[in-house]
Number of protein chains: 2
Amino acid sequence: MIYFNNGDELLLVLEALSNPQRLKIIAVLSEGRQYVSHLARELGISRPLLYLHLQKLEEANLVSSDMEILETGQAAKFYQLNDIHFVLNEQLIHDLSKSLSIKRKK
Amino acid sequence: MIYFNNGDELLLVLEALSNPQRLKIIAVLSEGRQYVSHLARELGISRPLLYLHLQKLEEANLVSSDMEILETGQAAKFYQLNDIHFVLNEQLIHDLSKSLSIKRKK
DNA sequence: ATCATATGTAAGTATTTTATTACACATATA
DNA sequence: TATATGTGTAATAAAATACTTACATATGAT
């Protein structure tokens with residue numbers, strides 16, 4: 001169960017989830033861990049783009065990664081889902097909005 | 001309780017929620033309905049910008065609006081929260097991802 | 001050595017989102 | 001009439017996000 005410590009954390013998760021590619025990534029990973037190149041082929045997107053999305057998911061703590069040696073002997077970076085489960089309602093948004101910053105990113 | 005009919009609907013809601021200004025708007029509206037100009041002053045943002053955000057929230061069905069005559073005799077547009085309450089987990093994302101489209105917007 | 005597979009990232013472009021400025025129009029009050 | 005309040009929107013600018021192309025490096029198999 002995801003617990004949000006503040007509004008910025010909630011926003012980080014919501015931003016990570018508000019993209020169709022990233023939802024697809026989560027859907028694929030929900031069937032089991034997988035390494036980057038394989039994931040890219042499965043999703044039909046370029047590896048650099050996949051990296052971008054995985055990075056956002058990782059920053060929001062929705063996925064994690066480990067290096068592992070494939071049967072072929074090559075190193076591969078495996079990604080897996082963290083526990084993604086939370087409830088969202090107006091009360092929570094109201095409470096967390098006090099610790100939510102409105103800021104420029106760059 | 002929000003029920004998502006498909007992946008695109010889920011995404012629409014997540015996109016609407018993934019912005020700090022819009023979370024603040026929801027937080028304010030959770031304390032009661034309010035009209036646009038008043039809301040803009042309370043949030044410290046311009047009315048055109050507020051319109052933009054309210055439109056996104058309305059498209060995601062998170063808020064609704066009604067015109068009403070103020071005590072002063074002027075017409076005002078009141079916004080109020082719809083029921084915002086849902087659970088999100090990997091199973092749901094997995095299921096809804098099948099009806100999720102990856103598309104350009106314009 | 002060459003081919004296929006893997007990771008990793010820099011640099012540039014395209015698209016979308018967010019925000020501002022400037023209008024038009026209406027009602028009530030001083 | 002001038003001022004203050006309200007709605008509504010068009011046009012533009014700025015910022016952030018998404019995506020592409022190109023490259024470097026490494027391992028194993030042919």
Side-chain angles (χ1 to χ4, degrees), chain A residues 8 11-26 33-60 63-80 100-106, chain B residues 8 11-26 33-60 63-80 100-106:
Chain A
D8 292 337
L11 183 60
L12 196 64
V13 168
L14 290 172
E15 284 174 341
L17 292 173
S18 65
N19 173 283
Q21 306 276 26
R22 291 196 286 271
L23 289 180
K24 293 270 191 191
I25 292 171
I26 291 173
R33 58 202 291 277
Q34 193 52 267
Y35 67 95
V36 178
S37 290
H38 188 276
L39 212 47
R41 282 191 297 269
E42 194 160 344
L43 292 163
I45 65 178
S46 71
R47 208 160 39 79
L49 179 55
L50 179 56
Y51 264 95
L52 176 93
H53 289 310
L54 285 172
Q55 191 180 310
K56 295 211 171 184
L57 289 171
E58 201 162 15
E59 280 167 1
V63 303
S64 12
S65 59
D66 305 279
M67 292 301 291
E68 185 176 315
I69 307 299
L70 296 180
E71 294 174 9
T72 69
Q74 290 183 93
K77 190 175 190 180
F78 276 77
Y79 272 88
Q80 58 207 315
L100 175 64
S101 42
I102 310 281
K103 59 187 168 196
R104 286 281 143 75
K105 296 201 173 177
K106 250 179 190 173
Chain B
D8 292 336
L11 182 60
L12 197 64
V13 169
L14 289 172
E15 284 174 341
L17 292 173
S18 65
N19 173 284
Q21 305 277 25
R22 291 195 287 272
L23 289 179
K24 292 270 190 191
I25 292 171
I26 290 173
R33 60 201 291 277
Q34 194 50 267
Y35 67 96
V36 178
S37 289
H38 188 277
L39 211 46
R41 282 191 296 270
E42 195 161 345
L43 292 163
I45 65 177
S46 71
R47 207 161 39 80
L49 180 55
L50 179 56
Y51 264 95
L52 177 95
H53 288 309
L54 285 172
Q55 192 179 311
K56 295 210 171 184
L57 289 170
E58 201 161 17
E59 281 166 1
V63 302
S64 12
S65 58
D66 304 279
M67 292 299 294
E68 186 176 309
I69 306 298
L70 295 179
E71 295 174 9
T72 68
Q74 289 183 95
K77 189 176 191 179
F78 276 76
Y79 271 90
Q80 58 208 319
L100 174 64
S101 41
I102 310 282
K103 60 189 169 194
R104 286 279 145 74
K105 297 204 171 172
K106 247 183 189 168

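First the proteins, then the strands, lettered A, B, ... as listed; each starts at 1.
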| said: Please confirm whether the shortest side-chain N or O distance from N19(A) to OP1 or OP2 of dT17(D) is below 4.0 Å. | reply: no
| field | Minimal non-hydrogen separation, K77(A) against S65(A), with atom names | value | CE-OG, 3.6 Å
| task | State whether K77(B) places a side-chain N or O below 4.0 Å from either non-bridging phosphate oxygen (OP1 or OP2) of dG6(D). | result | no
| said: Rounded to whole Å, please give me the gap between CD in Q21(B) and C1' in dA15(D). | reply: 14 Å
| task | Could you pull out the closest heavy-atom pair between L11(B) and L17(A), with the gap in Å? | result | CD1-O, 4.3 Å
| message | From CG of L50(A) over to C1' of dA18(D), roughly how many Å is that when rounded to an integer? | response | 13 Å
| said: How close do A75(B) and M67(B) get, counting heavy atoms only, and between which atoms? | reply: CB-CE, 3.9 Å
| said: I'd like to know whether Y51(B) forms a side chain to side chain contact (heavy atoms under 4.5 Å, CB included) with Q55(B), so could you lay out the CA-CA distance, the side-chain angles of the two residues, the decisive distance to 0.1 Å, and finally the verdict. | reply: CA-CA 6 Å; Y51(B) 264 95; Q55(B) 192 179 311; 5.9 Å; no
| task | Let me know the distance between CD of E71(A) and P of dA4(C), rounded to the nearest Å. | result | 21 Å
| Nearest-Å distance for atom pair CG/P, residues L54(A) and dA18(D) | 13 Å
| message | Five pairs per end, C1' atoms only: what is the angle between the end axes of the helix from dA1(C)-dT30(D) to dA30(C)-dT1(D), to 10 degrees? | response | 10°
| said: I need the CG-P distance between L70(A) and dA4(C), as an integer number of Å. | reply: 18 Å
| request: Return the nearest nucleotide to the side chain of K56(B); candidates are dG8(D), dT17(C), dT7(C). | output: dT17(C)
| Short side-chain N/O contact from K105(B) to OP1 or OP2 of dT17(C), under 4.0 Å | yes
| field | Polar side-chain atom of K56(B) near backbone of E15(B) as donor-acceptor pair, under 3.5 Å | value | no
| message | Base, sugar-phosphate or nothing for K103(A)? Non-hydrogen atoms, less than 4.0 Å. | response | nothing
| request: Drop me the distance from N19(B)'s CG to L52(B)'s CG, to the nearest 0.5 angstrom. | output: 8.5 Å
| said: Please determine whether a side-chain nitrogen or oxygen atom of H53(B) lies at a distance below 4.0 Å from atom OP1 or OP2 of dA19(C). | reply: yes
Anything under 3.5 Å between a protein N or O and an N or O of nucleotides 20-29 of chain D, put it in a table, one pair a line.
unit_1, atom_1, unit_2, atom_2, d
dT27(D), O2, Q74(A), OE1, 3.3

| field | Separation of dT17(C) P from L14(A) CG (nearest whole Å) | value | 16 Å
| note | Nearest heavy-atom contact between V13(A) and A60(A) is CG2-O, 3.9 Å
| What is the distance from CD of E58(B) to C1' of dG8(D), rounded to the nearest Å? | 14 Å
| Between L52(B) (CG) and dT16(C) (P), how many Å, whole number? | 15 Å
| task | Give Y51(A) one of three labels, base, sugar-phosphate or nothing, depending on what nucleic acid heavy atoms sit under 4.0 Å from its own. | result | base
| Looking only at side-chain N and O atoms, does Q55(A) come under 4.0 Å of OP1 or OP2 in dG8(C)? | no
| remark: The reported gap from CG in L57(B) to OG in S64(B) (rounded to nearest 0.5 angstrom) is 11.0 Å
| task | Return the minimal non-hydrogen interatomic distance between K24(B) and L100(A), and the atom names on each side. | result | NZ-O, 3.2 Å
| said: Any side-chain N or O of R41(A) below 4.0 angstrom from OP1/OP2 of dT5(C)? | reply: no
| Between H38(B) and dG6(D), does any side-chain N or O lie under 4.0 Å from OP1 or OP2? | no
| task | Check for a donor-acceptor pair, side chain of R33(A) on one end and backbone N or O of F78(A) on the other, with a separation under 3.5 Å. | result | no
